[in-house]
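Okay, structure first, notes after.
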Amino acid sequence: MKNNKKFETNSIRAGSIRSDQGEHSEALYLTSSFIFKDAEEAAARFANTDQGNVYSRFTNPSVSMFEDRLAALEEAEQCVATSTGMSAILACVMSLCNTGDHIIVSKSVFGTTVKLFDNILTKWGLRVTYVSLTKLNEWKSAVKPNTKLFFVETPSNPLTEVCDITSLSELAHESNSLLVVDNCFSTPAHQLPIKFGADVIIHSATKYLDGQGRCLGGAVLGKKNQMSLVANFLRSAGTSMSPFNAWIFFKGLETLKLRMDAHANKAMDLALWLEHQKSVDRVYYPGLPSHPNHALAMKQQSSGGGIVSFEVSGHKKEAWDLINSTKLISITANLGDTRSTITHPASTTHSRLSQQERDDSGIKDNLIRIAVGLEDIDDIKMDLSHL
Ligand SMILES: *Cc1c(COP(=O)(O)O)cnc(C)c1O
């Protein structure tokens with residue numbers, strides 16, 4: 001869907017479909033099925049010789065508008081929308097791998113992604129190896145003849161580690177594999193993984209694409225030949241996006257760049273402030289010069305993003321005391337919302353890991369993650385005055 005328009009124009013104009021009513025703001029097509037003008041047209045639609053809509057599990061104009069707009073923003077050939085971010089990951093792996101295939105996955109991925117791979121897909125014969133996101137030699141030694149996919153999130157959650165997408169995509173391609181990047185944290189507004197060599201993009205639209213914490217949704221993006229396999233999977237498996245949610249996300253994309261710029265500016269401000277607090281031991285934010293992958297992050301991303309993590313002096317008690325002292329920031333593990341959220345990864349999102357695994361991944365008991373919302377940053381700092 002690459003066209004010659006700039007990002008902010010595409011976020012507002014790409015993918016629009018107008019009905020004959022002359023609406024300016026795109027309509028919501030809340031219909032499960034579509035009528036045909038005669039039996040001939042019905043037969044042609046089912047035979048796929050006529051491309052029109054049949055049933056909203058297959059296609060729906062509101063969902064198509066979201067898909068075409070997001071594809072334009074990610075500079076991908078095609079986008080397939082899904083019911084959730086998890087179903088995007090499921091559809092991607094089920095469509096692009098077969099029984100007995102092997103995938104290499106970064107240790108720093110979303111918790112449920114690990115559960116999906118380990119508890120469900122391995123039952124169907126998928127083989128999975130976990131490696132460190134940033135250590136290319138670990139990826140290299142994990143490659144097997146049956147390796148099909150490399151799977152990463154960059155920046156990662158919650159430590160905001162950043163991997164070199166170009167080097168990893170080169171290694172994936174030498175290994176006859178595809179590089180899949182979950183671009184949930186940066187969004188296309190601040191990072192275009194396909195430009196750096198990634199093959200497939202995953203989104204949880206639930207996060208920044210919605211931006212206001214209302215709906216669940218997801219997307220898989222990539223080359224047409226691969227995405228047609230994903231679309232066929234959804235037609236049969238049924239984990240397609242609801243037209244209502246698509247309409248919410250489609251509208252959300254119109255302000256994505258403005259919102260991401262604001263999230264990132266506020267997060268940078270907070271990260272700098274946190275670095276100067278006496279009771280903060282360490283701050284993790286790719287926009288800070290102190291971040292170990294700062295230079296790489298600034299090459300790949302146009303900002304440090306909206307997520308800031310930090311270690312408070314002390315242990316779990318001190319971390320929990322800080323969380324419990326907040327009055328404004330929401331205590332929830334969600335992110336990508338206008339409202340700032342605070343979470344203690346060791347006892348929530350990463351509690352499934354053993355103490356040893358958390359120690360190995362660097363997720364300490366005194367670590368706190370804040371997804372910076374769009375409130376005035378002075379009020380957020382005030383809410384953290386316990387520090
Ligand atoms: C939330 C999230 C997911 C899962 O998305 P859902 O919409 O909740 O199913 C996948 N990857 C990342 C990075 C996420 O933050």
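The analysis underlying the following values was restricted to heavy atoms, covering all of them including side chains, and did not include hydrogens, waters or symmetry mates. Counting starts at 1 for both ligands and their atoms, following the listed order.
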Specify whether Phe58 and Tyr55 have parallel, tilted or perpendicular ring planes, treating 30° as the upper limit for parallel and 60° as the lower limit for perpendicular.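 If you compare the ring of Phe58 with that of Tyr55, the planes turn out perpendicular.
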Tell me whether the rings of Phe36 and Phe46 are parallel (<30°), tilted (30 to 60°) or perpendicular (>60°).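 Because their plane-to-plane angle is over 60°, the rings of Phe36 and Phe46 count as perpendicular.
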Residues Asn157 and Arg369: side-chain donor-acceptor under 3.5 angstrom: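 On atom types as modelled, these side chains qualify, holding a pair under 3.5 Å.
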If we ignore angles and hydrogens, is there a donor and acceptor under 3.5 Å between the side chains of Thr206 and Ser204?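 Yes, because at least one side-chain N or O of Thr206 sits under 3.5 Å from a partner of the opposite role on Ser204.
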Would you check ligand 1 and list the protein residues that come within less than 4.0 Å of it by any heavy atom, ordered by chain and number?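 Thr84, Gly85, Met86, Phe110, Glu153, Asp182, Cys184, Ser204, Thr206, Lys207, Gly217.
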Flag side-chain contact, heavy atom, 4.5 Å: Leu126 against His102: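 SC-SC contact between Leu126 and His102 ruled out.
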Write down the atom of Tyr285, the atom of Gly305, and the distance for their closest heavy-atom approach.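 Nearest heavy atoms, Tyr285 then Gly305: OH-O, 2.5 Å.
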